[in-house]
Every structure is written in structure tokens, then in C-alpha cells.
There are 2 protein chains.
Amino acid sequence: MKSSQITIKDIARALKISPSTVSRALKDHPDISPATKLAVRELAQELDYQPNSVALSLRKSRTHTLGVVIPQIVHHFFSTVIAGIEDVANDAGYQVIICQSNESYEREVQSVQALLGSRVDGMLVSVAQDTQEVRHFQNLINKGMPLVFFDRMVEGLEASSVVVDDFGGAYRATEHLIRQGRKKIAHLAGPENLMISSSRQKGYRQALEDFGFRMQPDLVITAGLTIEEGSEAMRKLLNSGQRPDAIFAANDPLAIGALKFLKTQGISVPEDVAIIGFSDEPITSLIDPPLTTVAQPGYEMGKLATHMLLQQIELKDEEEPELQRKELRTELVIRQSTSSEKKLAS
Amino acid sequence: MKSSQITIKDIARALKISPSTVSRALKDHPDISPATKLAVRELAQELDYQPNSVALSLRKSRTHTLGVVIPQIVHHFFSTVIAGIEDVANDAGYQVIICQSNESYEREVQSVQALLGSRVDGMLVSVAQDTQEVRHFQNLINKGMPLVFFDRMVEGLEASSVVVDDFGGAYRATEHLIRQGRKKIAHLAGPENLMISSSRQKGYRQALEDFGFRMQPDLVITAGLTIEEGSEAMRKLLNSGQRPDAIFAANDPLAIGALKFLKTQGISVPEDVAIIGFSDEPITSLIDPPLTTVAQPGYEMGKLATHMLLQQIELKDEEEPELQRKELRTELVIRQSTSSEKKLAS
DNA sequence: AGATTGTGCGCAACCGTTTGCGCCTTGGCA
DNA sequence: TGCCAAGGCGCAAACGGTTGCGCACAATCT
């Protein structure tokens, strides 16, 4: 019924030995006699002794805790990344503290500060949509804090990162539309300051160029990240007098928003307009019509980023951290929103 | 470029004063002269001093950290709960460590142990599907660890909890089907050992009874939690010769799975069979036909659970913890999967 | 028998911060 | 001039665990 946990000192007192002996007995140190070890272990078991990892962290200056700064957990992609992070971290004996920036620069800075205060052994970061300034990250690097960016990295920092092949995914998506015979392919772009947005846009442009299309700037609309913004962007596009026969959206919610708006206008997908999203969120296979999209391996990204971070942590005292930038392959998942045949469902 | 952070001792040494003075200066203790305070603050600022919260935790036996044990982050409902937890916790100056049990009993036990070792100030728990035994939770209660269950609680424990009105939600869902003129209403139930499953089944049964329906046991199938299990259950149901005209599923994935299977059989929804899910996941409004479902306030649940937990933590040294069991209202969201009129879309 | 070796354990410092207590200095007052 | 009260600061212990070192004792060797 006591509210405090058993300590090594409690065991020492009960057994009339010193705390050091208890400590060594518990870790099977050769200096301790078998009899003492047995007694200590039995009592520890009986009292349900749990080592106080706070004390351990203080002593060792190692918390065995990783900090994660992420825009939003509720996005399916990010939660799969977290799943990957947790799996690798837990297997390696690390805990994970997650901080959501909610896409806000200020909360991101606060989160980084809080994690610094918690003395995490390393950080995994995907930057917020609002973030323009990167002094808080530069600060981490200066302090020698192990750091890996995932999915959304920032340019100009000496930090490791793991991203997906946004350019290639976008390229193949656009290529797919072209090969389906689409002639007027629009792009709904993500927020301008995110690298994922610009990479995807570049992939789109490159594909158009490679296949001899003339780039029409008014077919590219900076939309945002949400369903609502996707609908709104689609509305703008149609109002501008443009009538594309295909849409490549920078992410799935944008694509879904566009799809919804087109439905309200009686424009049918894929007959009149084909649509491709990005991420392969589970929802994309369930909507009508099922959405062609670019799959990004979120779980693998989380795993890889964490492996890289742990490696940095282990090597911390050695020579230079050896910066790594990894790119994971994306995969085009073709569904009915771009099929040129008649829709299958109904 | 140093890899370690500035401490109070570094400041003390630089200023040729004692660490105690630095400590007091930083917290504006009246014993310290204004001149000293100023000097300390300026240096602290300049060196970017961050209090070591590990040391603080050890000293105060308070980590200002909350532990969350949750089946899966990737479920939308749970991630909204986490968003609520994080918001309240961060506002109160607490960090959050999240452990996923992945619906496994063993990982749940491990997580609880790990959180105990981390000396979290309290825990928020939603139990795993596999969990039958509750000794690990009883253990927490015996130790006086503040504890609040959310969504999935366990019976027979003296612990606070916040759940949704599963019974009422299920009742109203079933009632809605009845009022739509459905005569043969089947139920796809969740895992048997989860309270949410039994509560929802009870609500279903009660509604049938209240409206004078005869309970047909073979219209109730224990399915699981996933889309695949929903499809499988629907298949079983049809193979058994039953042909219900309505389905109340214990959660959205089950409902979606059932819907998918019905589509493959050429059975149309809602004309031939009406379907209702549970949770109002965002996907439900986007599928074809949009799914009627029971909305549960996940974000509010997270907030409330955390408030209750923090209250328990603050009051910890006072008298008895005052057990609370809260129930949040659910709301029936009517969409086209149960509309008796002709479908709107297409 | 004396020296050497090994065994089993305790002492004390340390990680970074807080805090009760006591010390020294200064100034005001009688 | 002597006394007392503040004011301003440092000492040291404490939180729980780890670890280098040294100590006492017994066994072994020469």
C-alpha cells in the first residue's frame, strides 16, 4: 500500500549488507558470493524491486530515451512511422517520448526544448509545416545531440535524414497519367516550404518535360495538406477556366478533396478526370473509386531512422558522426481512379 | 561543440559562487542579492542552460511524466485520444511516454513494467485484446500508482476510468435500424473479453427486446476488430443461410469488411442490407455508401482521462483517491448506409 | 612462520539539483 | 561601544544507483 517503490537500500537494510553489495549481486558481479547473490535475488523478487531508471540515467548520463517531434499523430502515415520507431527503440531497450508540433513552429521549438531538458539520448524529427527557421535544430547539432530527420527534412543542416523518393514517386505517377493518354495534367501542390512538396512538384515537372509536354503554370495550384484544401483547390482550378483531364495531388487528402469536389460537379472519375494521390493511406483503397496513389513505406522509414539514430548514439564518443541521407523507394499503386477502362464497381 | 549540457555547477564555477546560490538565484529566492541574480541569469542565458530534469526527478521523486499503454497508435480513434492526452499533459507541464501493446498481453505487461521503472507519475491504460489476466494492473493499484483506464477498462479493479456510452450508442444504433423498418438485424461482435464488445452487444440486445423482437442467437457473430474479420464474419453469416436485412457492427472496420463482402456478392447497401459501424472514423464518411456509425469523442476522452489522472497525482498524498467512472456520450451519425431512400451518390 | 594470493565485502565519490541550517558580515539601535 | 537582526551566501545531505579502491580475513605457498 505504500506509494513509493522499493530501493536497493531497502534490500540492503533488510539483509544487513551494503547497497553496493546489493547492486553487484543483482548484476552478477564475480566479487559476490553465491549465497549473498541468492539472498539478494530472492528478496528483490519478493519485494518486486524495480531498478529506478531515473537514478540510473543521472549516473550514466544516458536516459535510454528517444525524443520524437512529429507534426500530427492522427495522420495515418505518421502513426505508421511511429510504430516503426517504437518497435526498433523498444527492442534496443529505449523508450520513446512523442511530442506533437501540430504543424506549429512554436510548439516545435518548445518540444525540442522540453526534450533537451529531459536529456533524451537522441531525437527523431519531422518538421512542422509552419517552420521556416531552423536555429533550434542548428542548436541541437552544435550541442552534439544525435539527430535524424525523417520524411520532412530541412535543407542546409548537417544532419542525417531518411526520406522517401518523392521525386521518383511523383515522376512515375505523372508518367502513369501520361501513358494512360491524359493530355492536361494538373498538380495540387503541398505547402511551399516543405521539401516533400517541392520534390513532388519537381518530379511532376520533370516527367512532363521528358515526355514533351509544355509546362503550364496555371495547372499547378498550391493547395495545402487537407481534404478541404483539396476541394478548394479543385474549385479554383475549375473556376479558372481550366479543365484538366488528370490530377496529380501532393498527398491523399488533397486528392480525396479534389475527388469529392468533382463528384459534386457531376464530373466523373476516372472517365473525365483521372486522379492520383500520394501516401497510400488505407482510406484510398476504400473510397469510390479506389484511388491510385504512391505508397510510402512509413513503417520502414520509422525503423530505418531509428536504427540510424541508435547508431549515432552508440558511436557518439568516437569520431565524426558520419552523416547519412537515405531515400526509400516509393511504389505506384494503381487503382481505379486512373484506370482508362470502365469502372468495375457498380 | 561539446556533447554535454551546461549544469548549475558550470555556472557556479564561472561565477565563483556555490551551486546552491546559482540554484536559488534561478528561482528568485529572496536570500539572494539582486546583483548575483542578474549575473547568474545572464550567464545562464548566454550558455543556454537547461535544467537537468533527470536530476530534478530524482530529487523530487516526481518525473512529470505520464505513461500511456495503448493497443495501437495506428487506429484513428486511439490517435485522437492520444492527441487529447498530449494536449492536457503538456499544458500541465507533463511529458508523455507511449507504449503500444499491439493487442498483446505480454507486451502490455512489459510496458507496464518499463513505465514503472521509468517512475512515471501516473498511467493511462487501454487494455489489449489478448489480456485476460489483470495482476499487473492490480499490482499498480497496490503500489499506489495513479491509474486511469480509458475506452477499454477491466472489471473488478478499483480504478478510475473513462469510457463511452457503448451500451447507449449500440442501443440507439439498433433502434435506428428498427425504425427504418429493418426486421432481421444481425450483430458482428468484437472480441469477447473486451468490455466494449459486451456493452455494445448488450445495447443491441436490449433494443431488440424493447421493441418486441425475438432474439436470434445465430444472428450474432463474434468477429474481431479488423476489416478482414468483418468480411469473414459476413461470409459466415450468409453461408449459414441467414440473410439479415441489417447489420450492426461493433466497430467501423468490421462494418467496412462486411460492406466489402456484400458488394462482392452483389448485395446492395442500403437497399438490401443496411449497415452501421461504431467510432465514426474519418474513412466512414468517404466510402461508398457513406457509413452510418456511432461517434465516440476520442479527443475529449483523452483530455478527460488525463485531467482525472492529474487530479489523482496532485492529491496523491492526501486521503483516498476517490475513484471515478465517467461515461462520455456517443452520437449516432446517420449516413447513407442505412438510409431507406435511394442512394444519393450516382 | 611469514609472505602472498584471493575472496567477499564496505567506503566514498559521483551524476545534477534542492534545501535546511549555520556562518560571516554589515548596519542599526540602545 | 556593544548587541542583535538581517542579509547574503556556503556546507552538506539527500534522491538511487554504480564503481574504483581498499580492507579484513582465510587459504596457499615457500
Side-chain angles (χ1 to χ4, degrees), chain A residues 2-41 43-44 47-65 93 116-121 143 317, chain B residues 2-41 43-44 47-65 93 116-121 143 317:
Chain A
K2 278 171 61 185
S3 75
S4 63
Q5 295 256 62
I6 299 292
T7 75
I8 236 173
K9 295 188 185 177
D10 297 325
I11 298 180
R13 209 175 309 122
L15 258 34
K16 296 196 198 313
I17 55 179
S18 82
S20 2
T21 304
V22 176
S23 171
R24 283 189 260 250
L26 288 171
K27 16 181 32 199
D28 210 16
H29 193 285
D31 270 7
I32 306 300
S33 75
T36 308
K37 283 182 185 172
L38 189 66
V40 167
R41 287 203 191 123
L43 190 58
L47 299 181
D48 190 28
Y49 166 74
Q50 298 272 350
N52 183 329
S53 55
V54 175
L56 243 171
S57 296
L58 183 60
R59 183 75 231 271
K60 306 262 183 161
S61 304
R62 282 293 223 81
T63 54
H64 282 264
T65 301
L116 262 181
S118 297
R119 297 299 191 270
V120 293
D121 292 340
K143 289 195 168 159
D317 311 310
Chain B
K2 279 172 59 184
S3 75
S4 63
Q5 295 255 61
I6 299 292
T7 75
I8 239 174
K9 294 187 186 179
D10 297 325
I11 298 180
R13 208 174 310 121
L15 258 34
K16 296 195 199 309
I17 55 181
S18 82
S20 1
T21 303
V22 176
S23 172
R24 282 187 261 250
L26 288 172
K27 18 182 29 200
D28 210 16
H29 192 285
D31 270 8
I32 307 301
S33 74
T36 308
K37 283 183 186 172
L38 189 66
V40 168
R41 288 202 191 123
L43 189 58
L47 299 180
D48 190 28
Y49 166 74
Q50 299 271 348
N52 184 328
S53 57
V54 175
L56 241 171
S57 296
L58 183 59
R59 183 77 231 273
K60 304 260 183 164
S61 304
R62 283 291 224 84
T63 54
H64 283 265
T65 301
L116 263 180
S118 297
R119 298 297 192 271
V120 294
D121 292 340
K143 289 195 169 159
D317 311 311

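Keep in mind it's a predicted model, so treat the numbers as computed, not measured. Per chain, numbering begins at 1; letters A, B, ... match sequence-line order.
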Under-3.5 Å donor-acceptor pair between Arg24(A) side chain and dG20(D) base: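 A donor-acceptor contact between them is present.
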Would you say a side-chain N or O of [X] is under 4.0 Å from OP1 or OP2 of [N]?
X: Thr36(A); N: dC9(C); value: yes
X: Lys60(B); N: dT19(C); value: yes
X: Lys37(A); N: dG8(C); value: no
X: Tyr49(B); N: dT17(C); value: yes
X: Ser18(A); N: dG10(C); value: yes
X: Ser23(A); N: dT18(D); value: yes

Could you tell me how far apart [X] ([atom1]) and [N] ([atom2]) are, to the nearest whole angstrom?
X: Lys16(B); N: dG10(D); atom1: NZ; atom2: P; result: 12 Å
X: His64(B); N: dC15(D); atom1: NE2; atom2: P; result: 18 Å
X: His29(A); N: dT19(D); atom1: NE2; atom2: P; result: 8 Å
X: Ile32(B); N: dT19(C); atom1: CD1; atom2: C1'; result: 12 Å
X: Leu58(A); N: dG17(D); atom1: CG; atom2: P; result: 12 Å
X: Leu15(A); N: dG8(C); atom1: CG; atom2: C1'; result: 15 Å
X: Leu26(A); N: dG16(D); atom1: CG; atom2: P; result: 16 Å
X: Ile17(B); N: dT17(C); atom1: CD1; atom2: P; result: 13 Å

Quick check: do [X] and [Y] have side-chain heavy atoms less than 4.5 Å from each other?
X: Val22(A); Y: Arg13(A); value: no
X: Asn52(B); Y: Thr7(B); value: no
X: His64(B); Y: Leu56(B); value: no
X: Leu15(B); Y: Thr21(B); value: no

Residue whose nearest DNA chain D nucleotide is more 5′ - Thr21(A) or Arg59(B):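 Closest to the 5' end, via its nearest nucleotide, is Arg59(B).
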Whichever of Pro34(B) and Ala55(A) has its nearest DNA chain D nucleotide further upstream toward 5':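 Here Pro34(B) is the residue nearer the 5' end.
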Sugar-phosphate only, base, or nothing, as touched by Ser57(A) at under 4.0 Å among non-hydrogen atoms: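 No contact.
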Touch class at under 4.0 angstrom, heavy-atom based, for Asp31(B) against every strand present: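 Contact class for Asp31(B): base.
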Compare the minimum distances between each of [options] and the side chain of [X], then state the nucleotide with the smallest one.
X: Leu56(A); options: dT17(C), dT19(C), dG17(D); value: dG17(D)
X: Ser20(B); options: dT18(C), dG16(D), dC11(D); value: dC11(D)
X: Lys27(B); options: dG10(C), dG8(D), dT19(C); value: dT19(C)

Shortest non-hydrogen separation from Ile6(B) to Leu47(B) and the atoms involved: CG1-O, 3.4 Å
Taking every non-hydrogen atom, the tightest pair across Leu26(A) and Tyr49(A): CD1-CE2, 3.7 Å
